[in-house]
Student: 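Have a look at this one before I ask anything.
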Amino acid sequence: MKQDLLLTDCRLATMQAGAGAYGLIDGGALVLRGDHLAWVGSADAIPAEYSDIKVEKLDGRLVTPALVDCHTHLVFGGNRAQEFAMRQGGASYEEISRAGGGIVSTVKATRAASDDELLQLALRRLDDLISEGVGVVEIKSGYGLTIEDEIRMLRVARRLEVMRPVKIVTSWLAAHAIPSEFVGRADAYIDEIVIPGLKQAASEGLVDAVDGFCENIAFSAAQIERIFAAAKKLGLPVKLHAEQLSDQKGALLAARYGALSADHLEYLDGQDVEKFATSGAVAVLLPGAFYTLKETKLPPIEALRLHGVDIAIATDCNPGSSPISSLLTVMNMACTEFSMTPEEALLGVTRNGAKALGLSGEYGQLAPGYLGELAVWNVDHPADLSYWIGGSPLHKSISRKSKP
Ligand code: NIG
Ligand code: FE
């Protein structure tokens, strides 16, 4: 039985909607009971029923919900520093991919790695995220591209949750690239690997959502739709890598399937945003990939704001387009590259990040009934989290949830 705990002498960024900037409460207090937050408010209004529980003073520190990294490719083998060098020499991401580099080169290294090697490599990246207050991490398959290797990636992802105090959410991304054994036969790859593998992985409880890469170097919207239909039959939510390099109308396809999110979106046509907005899907922006690929086309941020689309941001941690395991740096990039405000950046890694994973109501806000997953920071104001690059201002994380 976990001991009840009253946290006082802190400033709370509750991130609750309609509660002013950041849902800020100065002189705040929180009550943790079991796995959950039982009470959140101003320290001078603590209900009498909590008068004799254990108290911990936080010396005026800032408390936020544990951060959410809602789009990563954390499990992979090898590295692609050579491609980084090639890009510096002028080659584009697309050219490298067409020449047999890119995702398929990581596929080779991932297939060659043992489960334990993959686990150790992923743990290093996960620990980087945890050191910055991250408590929820989405992890995709997509570097195995055989049924067995895709499932292996997701098993490793699940093991991470047992080893660290984080929530892991998995996505089936077998439709990430066409493996060399299926070149020119993308539809056969979908029929023989993507869909049967999805069924098998889902039956083992390894899949929380289904993702795809909709792009002219990957899968067409029509091909992705076949995978989404299979996901729907299995009762699994979908999401999509959409409009990263060109406008394939992937975000609209995702919206039609009630997707949790559409991700990247640099080439999303501003005219399509209104329609996209009606689906309630989250727009997940990935400033690390924008930065690494030296992209110049900005996602249609103004249109997204205008139509009230919830915007999340994430690291997209992967060996090619976003070799970055710092969510705080990505928050800074969202501000500097995408002109987001520090409040939008923090919302993007709390309330909206949780929504992108279907975890609204459990993660991403400080409110009664939410899980007691918190980050305590050595900063005065929540804007500081987006402002500084380098080092981690985390004082400590608090995690109350039980292991799976
Ligand atoms: O999100 N766009 C496709 N997938 C990744 C890139 C993966 C890779 O280059 O290995 C992304 O950017
Ligand atoms: Fe990605």
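Note that ligands are numbered from 1 as they come in the structure, with each ligand's atoms numbered from 1 the same way.
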Student: Checking side-chain polar atoms at under 3.5 Å, does Arg256 have a donor or acceptor matched by the opposite partner on Ser279?
Tutor: no
Student: Report whether any nitrogen, oxygen or sulfur of Asp263 sits less than 2.8 Å from the Fe ion (ligand 2) (N, O or S, backbone or side chain).
Tutor: no
Student: Of the listed options (Arg80, Lys140, His176, Glu83), which comes nearest to atom 5 (C) of ligand 1 when hydrogens are ignored and any heavy atom counts?
Tutor: His176
Student: Supply the atom-to-atom distance Asp316 CG to Glu138 CD, rounded to the nearest 0.5 angstrom.
Tutor: 9.5 Å
Student: How long is the span from the CD atom in Gln248 to the CG atom in Asn216, to the nearest 0.5 Å?
Tutor: 5.0 Å
Student: Honestly, is Lys232 close enough over Tyr257, meaning NZ or CZ under 6.0 Å from the six-membered ring centre and within 45° of the axis?
Tutor: yes
Student: Glu373 and side chain to side chain contact (heavy atoms under 4.5 Å, CB included): which partner among Pro65, Ser399, Ser397?
Tutor: Ser399
Student: Should His241 be counted as touching ligand 1, given the test is an N or O pair under 3.5 Å?
Tutor: yes
Student: State the atoms of ligand 1, each with its element, that fall below the 4.0 Å cut-off from a heavy-atom position in Asp316.
Tutor: 1 (O), 11 (C), 12 (O)
Student: Using a 4.0 Å heavy-atom threshold (strictly under), name the region of Glu215 that reaches ligand 1: side chain, backbone, both or neither.
Tutor: neither
Student: Taking the six-membered ring of Tyr93 as reference, does the cationic atom of Arg98 (NZ for Lys, CZ for Arg) lie under 6.0 Å from its centre and within 45° of its axis?
Tutor: no
Student: Please confirm whether Thr106 comes under 4.0 Å of ligand 1, counting heavy atoms of the residue only.
Tutor: no
Student: Looking only at protein heavy atoms, which one is nearest to atom 2 (N) of ligand 1, and what is the separation?
Tutor: Gln244 OE1, 2.6 Å
Student: Less than 6.0 angstrom separating the ring centers of His264 and Phe290, yes or no?
Tutor: no
Student: Restricting to N/O/S, name the atom of His73 that gets closest to the Fe ion (ligand 2).
Tutor: NE2
Student: Taking atom CD of Glu266 and atom CD1 of Ile301, what is their separation to the nearest 0.5 Å?
Tutor: 9.0 Å
Student: State the atom name: nearest N, O or S atom of Asp316 to the Fe ion (ligand 2).
Tutor: OD1
Student: How far is atom 12 (O) of ligand 1 from its nearest protein heavy atom, and which residue and atom is that?
Tutor: Ser321 OG, 2.4 Å
Student: Distance under 4.0 Å to a non-hydrogen atom of His71: what atoms of ligand 1 satisfy this?
Tutor: 1 (O)
Student: Please calculate the NE2(His71)-the Fe ion (ligand 2)-NE2(His241) angle and round it to 10 degrees.
Tutor: 90°
Student: Measure from atom 10 (O) of ligand 1 to every heavy atom in Phe76, Tyr93, Tyr143 and give the option owning the shortest one.
Tutor: Tyr143
Student: So if I apply the side chain to side chain contact (heavy atoms under 4.5 Å, CB included) rule between Lys140 and each of Asn318, Val169, Leu173, which one comes out positive?
Tutor: Leu173
Student: Would you mind listing which atoms of ligand 1 come within a distance below 4.0 Å of any non-hydrogen atom of His73?
Tutor: 1 (O), 4 (N), 5 (C), 11 (C)
